[in-house]
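As a basis for the values below, the full set of heavy atoms in this structure was taken, side chains included, without hydrogen atoms, waters or symmetry mates. Numbers here simply count residues along the sequence, with the first being 1.
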Amino acid sequence: MEMRTIADSAGVEWTLFEVERQNTGSDRWSHLPAEFVNGWLCFESDFSKRRLTPVPPRWAEFSDAELGRLLVQAHPVRRIRPEAPDQPHRS
């Protein structure tokens with residue numbers, strides 16, 4: 001899997017990689033909008049995650065500035081975080 005790392009204008013580091021949908025016969029992808037049916041370019045930082053579709057050909061060869069422009073165009077993704085375990089009540 002091809003991966004790249006860039007920093008945005010605020011200094012946040014983003015890891016980029018392509019997600020390719022594999023036809024496994026399951027409905028694992030059914031919750032995604034139709035535009036993501038053929039995969040997407042994922043931008044992931046410690047703070048946020050974004051998706052871009054369609055995936056630009058040869059994106060891994062783009063300059064950091066070109067990838068930064070794609071980051072701005074990518075759609076934010078709501079992350080689902082696991083709930084914290086119950087804390088014991090203090091008396």
Side-chain angles (χ1 to χ4, degrees):
M1 173 191 318
E2 186 76 38
M3 295 181 85
R4 290 276 306 271
T5 302
I6 62 168
D8 66 16
S9 60
V12 175
E13 286 195 6
W14 293 84
T15 301
L16 290 68
F17 55 93
E18 185 173 349
V19 176
E20 296 178 353
R21 182 175 178 209
Q22 297 177 3
N23 193 358
T24 60
S26 74
D27 64 350
R28 177 177 163 204
W29 303 94
S30 64
H31 66 285
L32 293 171
E35 66 188 292
F36 295 104
V37 72
N38 293 318
W40 59 89
L41 188 58
C42 184
F43 296 79
E44 196 167 51
S45 76
D46 288 340
F47 309 102
S48 184
K49 187 175 186 177
R50 299 181 185 183
R51 294 182 183 134
L52 178 75
T53 184
V55 177
R58 302 173 66 143
W59 66 269
E61 299 173 16
F62 288 12
S63 70
D64 287 359
E66 290 170 311
L67 293 173
R69 286 190 287 277
L70 294 178
L71 170 64
V72 173
Q73 297 172 18
H75 299 279
V77 175
R78 184 174 155 227
R79 285 186 169 176
I80 299 173
R81 301 223 187 254
E83 292 184 25
D86 289 354
Q87 298 289 326
H89 295 288
R90 297 181 189 187
S91 347

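- Legend: salt bridge (Lys or Arg N to Asp or Glu O under 4.0 Å) pairs involving residues 52-66, not counting sequence neighbours, sorted by first then second residue: R4-D64, R58-E61.
- Using a 4.5 Å heavy-atom threshold, the side chains of W40 and L52 count as separate.
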Working for side chain to side chain contact (heavy atoms under 4.5 Å, CB included), residues L41 and T53: CA-CA 6 Å; L41 188 58; T53 184; over 6 Å; no
In a table with atom names and distances, give each donor-acceptor pair under 3.5 Å that connects a side chain of residues 69-76 to protein atoms at least two apart or in another chain.
none

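- Proximity of C42 to R50: side-chain heavy atoms (C-beta onward) are nowhere separated by under 4.5 Å.
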Worked check of side chain to side chain contact (heavy atoms under 4.5 Å, CB included) between E44 and F17: CA-CA 9 Å; E44 196 167 51; F17 55 93; 3.9 Å; yes
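- Legend: residues meeting side chain to side chain donor-acceptor pair (under 3.5 Å) with D8, ordered by chain and number and at least two apart, are W14.
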Worked verdict on L16 versus W59 for side chain to side chain contact (heavy atoms under 4.5 Å, CB included): CA-CA 10 Å; L16 290 68; W59 66 269; 4.0 Å; yes
Verdict with reasoning, E13 to S45, per side chain to side chain contact (heavy atoms under 4.5 Å, CB included): CA-CA 6 Å; E13 286 195 6; S45 76; over 6 Å; no
